[in-house]
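Worksheet for the structure shown next.
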Amino acid sequence: MSAPRLRATPLPGIGVQYDLVTREHRHLSVVAHRDGARTVNVYRADDPDSCAHSLKLTGPEAGALIDALQPSHHSANLLHTSDLGLVAERIEVAATSRWNGRVLGDTRMRTETGASVVAVLRHAEAIPSPRRTSGWWAATL
């Protein structure tokens, strides 16, 4: 199957409208507003010039939708999901975080957040399965 064709139409003073016709011959459009907002339009199957549904999204909402549609492209932190509903995600601990510099066992992270730490990544080195009560280097976040 060939890639769908996306047609861009400048909308002076508004932004750009992107039109797509799906393999089921449904007409969709996205208006990318200059302020970052997006309007998603779905047109009627029996009249492709008549809009059936229109949804206006803020810039952050549009970004979240992009993440949902292509997580590998926009969510580099998402590493794996499973049929059991488990998600492996990379989370950076900021220098200002209350977790930074604390021994893993002292954080009570699993108790407080429900998250399990399966590895600590420091620079180019990974510490898999860090022990909760081990020394500073192996278990300090």
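Not measured: the values here are computed from a predicted model. Heavy atoms only: backbone and side chains are in, while hydrogens, waters and symmetry mates are out.
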Kindly give the heavy-atom pair with the smallest separation between [X] and [Y], and that separation in Å.
X   : Y   : result
H33 : R38 : O-NH1, 3.8 Å
D46 : R44 : OD2-NH2, 2.6 Å
R26 : V42 : NH2-CG1, 3.6 Å
K56 : E61 : O-OE1, 4.2 Å
L20 : R5  : CD1-O, 3.7 Å
N41 : S54 : OD1-OG, 2.7 Å

- Item | Side chain proximity check, D19 to H27, heavy atoms < 4.5 angstrom | yes

- Taking side chain as C-beta onward, heavy atoms only, is L11 less than 4.5 Å from V16? no

- Query: Atom OG1 of T9 and atom CD1 of I14: how far apart are they, to the nearest 0.5 Å?
  - Reply: 12.0 Å

- Message: Would Y18 and S29 count as a side-chain hydrogen bond (donor to acceptor under 3.5 Å, both in side chains) here? Give the steps.
- Response: CA-CA 5 Å; Y18 298 94; S29 73; over 6 Å; no

- Task: State yes or no: do V30 and L55 share one hydrophobic cluster built from I, L, V, M, F, W and Y residues joined by side-chain heavy-atom distances below 4.5 Å, directly or via other members?
- Result: yes

